[in-house]
Amino acid sequence: MPASATLRRHWRSASLNELGAALHHGQASVEAFTTATETSGSLLQSWVQGAEVVEYEHYPPADVIDLGSGTQFDYHAHRTHGDEHGHLHVFWHANASGRRSRHTQGRKVWKRHAPTHMLAIALDARGLPVKLFTTNQWVTEGHWFDAALTLACLDRCRPGPVPGHENACAWLGHFLAMYRPLIADLLQRRDARLEKHGTLADALNNHRLEVLSQFRMDWAADLDALQTEATRRGL
Amino acid sequence: MSSLSSRLSLSLAAAVVTTAALGGCAMACRACGAKCGPSKMMSKCSACKAKCGACAPKK
């Protein structure tokens, strides 16, 4: 599969600083992914921990929650789409206007401050990310933000080192940063699809609309394209 | 600059392949909340078992 055309276009027109930052995130995400694979067997196994995966169960069971950044994520599996084994749902804790809220361990803070879904990342059985997708509100609950606000929240979605999940947290933060241009496109497509289905309130609860936008991806090809562009620009 | 994709390939070659998921909760009662919602610190699915048992893993 070729590298994402959206990413290639973005990197071609990016400033040297932006390109350098993308390269840093690419390198750091591969580093964290490799370390997770060496220490846990795979990124996926860093959450599953050798257990038999059961549909809809969360791995780890209580999710990974970083109180500092407000990031929450969990892995689960319940569909077989091509090479997808399961997917990671990424949430960010915010109030209804998208402002940061602090999750307090052991307290139910979900009423006004909800973990709001940013996107999902499908992984294959080796833990390799193979697809990015968005879901409708009835699927993942939480507040609903338009693409611009979701992207602004996602920029703050950089989990710190949650004990036991340090590599996964590092991978996720850098991976999201590297793929920011593609995620922006993904979120805009999500909103455009909803607009075709009546009022927003109706569309968000329309059970015929589950996955709203998706991109298949080839991480290795995207990394090659990033390095090629960086080399061409003398980085 | 070494190739990041090569590092990735080497890592994947050594990765554990996780077996496909076993059948699980059909979520028929929705007592767990949204289909793909976040964990809410509830005791693990006891509420569902009490209501319909749909959360019991099907092997």
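Chain identifiers are assigned alphabetically (A, B, ...) following the order of the sequence lines, protein sequences preceding nucleic acid strands; residue numbering begins at 1 within each chain.
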List the steps, then state whether side-chain contact (heavy atoms from CB on, under 4.5 Å) holds for A/Arg126 with B/Ser11.
CA-CA 10 Å; A/Arg126 301 166 299 170; B/Ser11 178; over 6 Å; no
Identify which part of A/His117 has an atom lying under 4.5 Å from any heavy atom of chain B, answering side chain, backbone, both or neither.
neither
By a 4.5 Å heavy-atom criterion (distance strictly below it), what part of A/Glu210 contacts chain B: side chain, backbone, both, or neither?
side chain
Heavy-atom closest pair (B/Gly23 atom, A/Val54 atom, distance to 0.1 Å) is O-CG1, 3.8 Å
Hey, could you give me the OG/CG distance between B/Ser6 and A/Leu223, rounded to the nearest 0.5 Å?
10.0 Å
Sidechain-backbone polar pair: A/Gln72 side chain, B/Pro38 backbone, donor-acceptor under 3.5 Å
no
First locate atom OG of B/Ser39, then atom NE2 of A/His58, and finally report the distance between them rounded to the nearest 0.5 Å.
6.5 Å
Can you say whether A/Val30 sits under 4.5 Å from chain B via the side chain, the backbone, both, or neither, judging by heavy atoms?
side chain
Applying side-chain contact (heavy atoms from CB on, under 4.5 Å) to B/Leu12 and A/Thr37, what does each step give before you reach the verdict?
CA-CA 8 Å; B/Leu12 287 169; A/Thr37 303; 6.0 Å; no
Residues A/Thr135, B/Cys36; criterion side-chain contact (heavy atoms from CB on, under 4.5 Å); working and verdict
CA-CA 9 Å; A/Thr135 55; B/Cys36 296; 5.9 Å; no
Contact list for residues 59-73 of chain A, test salt bridge (charged side-chain N to carboxylate O under 4.0 Å, His left out), sequence neighbours left out:
none
Looking at B/Thr19, is its backbone amide N or carbonyl O close enough to the side chain of A/His85 to form a donor-acceptor pair, meaning the two atoms are under 3.5 Å apart?
yes
Compile the donor-acceptor pairs under 3.5 Å between side chains in residues 162-175 of chain A and protein atoms, sequence neighbours left out, one pair per line.
from     : atom 1 : to       : atom 2 : distance (Å)
A/Glu166 : OE1    : A/Gly164 : N      : 3.1
A/Glu166 : OE2    : A/Gly164 : N      : 3.4
A/His174 : ND1    : A/His25  : ND1    : 3.0

Looking at every non-hydrogen atom in both residues, tell me the closest pair between A/Ala220 and B/Ser5 and how far apart they are.
O-CB, 3.6 Å
Evaluate side-chain contact (heavy atoms from CB on, under 4.5 Å) for B/Leu8 paired with A/Leu128, printing each intermediate quantity in order.
CA-CA 9 Å; B/Leu8 187 59; A/Leu128 178 71; 4.2 Å; yes
With heavy-atom distances below 4.5 Å as the criterion, would you say the side chains of A/Trp219 and B/Leu4 are in contact?
no
